[in-house]
Trainee: 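Could you have a look at this structure, given as structure tokens, before my questions?
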Amino acid sequence: MSLRRASLGFVFVNTSPPEERPFILKGLELLQLPEDSTEIQCGNIIKRYSYRPFLLKDICLADFASNFDTVKIYKKAKPKGKGKDLPEDNDDDNFEDDPYDTDDHDEGNASLVKLTNGDTIRKRKKKILRYVHYNIEKDCENYYREQLMLFCPWYTENKIIGKCQSFEERYEEVKDDVHQKKGEYEQNAEEIARAENNIQNFDSDNEDAYTDIATCIQHLNNNDADIVEIIDQNNNEDLYVNYDIGQNLGIRQTKADVDLASGNDNHEELLINRMADMEYRKLVQSFNTKQREIFLHILKSVKTLNDHFFIFLSGGAGVGKTKVTRGIYQALQRWFTRRPGDNPDTKYILLTAPTGKAAYLIKGSTIHSAFKIPANQSLTYKSLTSDKLNTLRKDLGHLQVVIIDEVSMLGCNMMNYINFRLQDIMSIRKPFGGVSILAVGDLFQLQPVKDGWIFLHCKKDYGLLASNVWKDNFKIFELTQMMRQKDDQQFAELLNRMREGKQTENDIKILKERTINTADQNYPYSSTHIIYNNHDVNSYNDKMFDLVKFTKITSHASDTVIGDIPDSIKHDILARAPHKAGDAMGLGKVFKTAVSLKN
Ligand SMILES: Nc1ncnc2c1ncn2[C@@H]1O[C@H](COP(=O)(O)OP(=O)(O)OP(=O)(O)O)[C@@H](O)[C@H]1O
């Protein structure tokens, strides 16, 4: 289960050796440090643990990280003027490293614990603990160091080893305590490790082991059989079936892979947050020649070139752009997290789209949210404050590839904004900060809203004088083979002819035959409607609402400000809340719905 959807929170402790741990630089307070000070890093869990007071001397890092959160102390101050003491966007304290863990508090709360560096923590609901998980066989010293670091109390990290010559030796001295403490966090850890080992060394002798760990195997086998059928329908079946993506990606070929290639599949990959290996391989095996070409080209660029790539993957409706993008995303995700100890949550690739709906369809993020671009504002580039930039760097600092779907809806000013934002995040003055871009879409489809086409010169930020990042950098790769099936295919071919203005008289006739008037008895009210402007959308929705005979509900929005802050500030915040739906990201004051209506 993805931990993002669990009811418990989780915390990741980076147990890599100190010299390999990334850190976040302090903001403006750096300027106030003495010249010879080396205290340039922001706080983090491990540092805070070493600052714990005597009262917590016996707790280990695992308990500390899992049980305690940092809190910000809110000093009650009398507001002097309108909006004067509104909470600020930036917190000028030492908690930039855990922006989502912090909580506001009054001074003098007895449940708070003060650390020796002045920070404050508070006991909260226990969180699930995640850490690097070194492999005892491949990296045993780091394995033992990690166990000691997490499950034995310490104050100075370089003294964890004690007087011993190796971490293993020290571990032997305290292993009973470590086991006991570890058991609280990892129940059945040894059995799971054994099962994982079995899966990796899968052979015919223990193939039944899968039924113990995955009871849904029969259901999956049935699904797989369907997918294999699709592969079999392909004219070049040998070519695809024998193509082994594993070799290309460094994934060892297992007995299960061989079985899969021969259609005899019974393998289930137990991985979190990504497509199962088996499904992924089948996806790649089903690519046609051109799809495979672009897929391999991108993989090769990532694996062999030090330089980045800018590719525009285009093609008409139904040529498989989305399908190939899914494959590329999965392949890159595996490539970037292939080393043992790589944190699977590190963002090396971003899957984005210009609108919420397009982002939802690819299970990605909108460009606005991924790059913290303010909505409803002019696209003149604004740098982030150093605190916000540090937070974003922490999240996206390892970025290697950005995939932008439905790129036709992305305007030239927005493209410019992304270019500058990535340069700021990566601190590299090269196009897109040295991050590769895969733009996917069809410029004959939807065009940008309130922005110019991507290939035009933008009019902001001296854009008319500058070169155009799209024209200067991007190379086009076009998919041409229509892959839609049966009835869909005929219609998609018609659309593709229209796309190029080459529609026939018969095409026009077919389209005209399909027009229907609202006065018609068979008018399909429940079909999706595309309406040109918001005003007509609202009238249509009101009409539908009136027509519905089932239970109707009308909700009126009411804005409230909660929190322990003075009333005058609450009023100020409320006064700033937008009233029009257009200013509130489409959220109106009245929401109407009814049983049987869908939005
Ligand atoms: N190599 C393939 N083998 C079998 N089916 C395929 C292949 N490539 C694509 N398809 C199928 O063709 C259909 C269209 O694919 P996809 O949605 O990826 O195309 P698209 O170019 O993104 O289309 P659109 O621009 O309309 O969104 C899907 O049903 C997909 O599963």
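Positions are given from 1, in the same order as the sequence printed here. For clarity, every value in this text was computed on a predicted model and none was experimentally measured. Note: hydrogens, waters and symmetry copies are ignored here, and every other heavy atom, side chains too, is used.
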Trainee: Report yes if some heavy atom in the side chain of Pro53 is under 4.5 Å from a heavy atom in the side chain of Val113; otherwise report no.
Mentor: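 Side chain of Pro53 against side chain of Val113, heavy atoms only: contact under 4.5 Å found.
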Trainee: Glu172: what forms a side chain to side chain donor-acceptor pair (under 3.5 Å) with it, not counting sequence neighbours?
Mentor: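 Glu172: side chain to side chain donor-acceptor pair (under 3.5 Å) contacts with Lys175.
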Trainee: Do Ile373 and Met414 come within less than 4.5 Å of each other through their side chains, counting heavy atoms only?
Mentor: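 Yes; the side chains approach each other to less than 4.5 Å.
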Trainee: Does Ser66 reach the main-chain N or O of Lys127 with its side chain, forming a donor-acceptor pair under 3.5 Å?
Mentor: yes
Trainee: Is there side-chain contact between Ile349 and Tyr329, with heavy atoms separated by less than 4.5 Å?
Mentor: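 Side-chain contact under 4.5 Å: yes.
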Trainee: Got a sec, which pairs hit side chain to side chain donor-acceptor pair (under 3.5 Å) with one end in residues 153-167, sequence neighbours left out?
Mentor: Arg21-Glu157
Trainee: Would you say that Asn14 contacts Asn44 through its side chain, given a criterion of any heavy-atom pair below 4.5 Å between the two side chains?
Mentor: no
Trainee: Counting neighbours of NZ on Lys123 that are heavy atoms of other residues, nucleotides or ligands and sit closer than 6.0 Å, is the number greater than 12?
Mentor: no
Trainee: Let me see the working for Gln423 and Asn419 under side chain to side chain donor-acceptor pair (under 3.5 Å), right down to the final yes or no.
Mentor: CA-CA 6 Å; Gln423 292 187 20; Asn419 176 23; 3.0 Å; yes
Trainee: Apply side chain to side chain donor-acceptor pair (under 3.5 Å) to Glu169 and list each qualifying residue two or more places apart in sequence or on a separate chain.
Mentor: none
Trainee: Hey, could you give me each pair passing salt bridge (charged side-chain N to carboxylate O under 4.0 Å, His left out) that has a residue in residues 179-189? Not counting sequence neighbours.
Mentor: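 Counting only pairs at least two positions apart or across chains, the salt bridge (charged side-chain N to carboxylate O under 4.0 Å, His left out) contacts touching residues 179-189 are Asp63-Lys181, Lys181-Glu184.
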Trainee: Using a 4.5 Å cut-off on heavy atoms from C-beta on, say whether the side chain of Gln147 contacts that of Tyr134.
Mentor: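 Answer no - side chains too far apart.
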Trainee: Taking the side chain as everything from C-beta on, heavy atoms only, tell me whether Ile311 gets closer than 4.5 Å to Ile437.
Mentor: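 The answer is no; the side chains never approach within 4.5 Å.
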Trainee: For the residue pair Arg52 and Phe64, would you count it as a cation-pi contact if the rule is NZ or CZ under 6.0 angstrom from the ring centre and within 45 degrees of the ring axis?
Mentor: no
Trainee: Side chains of Arg48 and Thr70: does their closest heavy-atom pair fall under 4.5 Å?
Mentor: yes
Trainee: Could you label the plane-to-plane angle of the Phe310 and Phe474 rings as parallel, tilted or perpendicular, counting under 30° as parallel and over 60° as perpendicular?
Mentor: tilted
Trainee: Is the distance from the ring center of Tyr131 to that of His133 below 6.0 Å?
Mentor: yes
Trainee: Could you check whether any side-chain N or O of Arg338 sits under 3.5 Å from a backbone N or O of Trp335, counting only pairs where one atom can act as donor and the other as acceptor?
Mentor: yes
Trainee: Would you mind listing every ring-ring contact (aromatic ring centres under 6.0 Å, His included) that reaches into residues 159-197, with sequence neighbours excluded?
Mentor: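 Sorted pair list: Tyr144-Tyr171.
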Trainee: Tell me, please, which residues at least two apart from Ser365 pass side chain to side chain donor-acceptor pair (under 3.5 Å).
Mentor: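 In terms of side chain to side chain donor-acceptor pair (under 3.5 Å), with neighbours along the sequence ignored, Ser365 is linked to no residue.
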Trainee: Would Arg292 count as a cation-pi partner of Phe287, with NZ or CZ less than 6.0 Å from the six-membered ring centre and within 45° of the ring normal?
Mentor: no
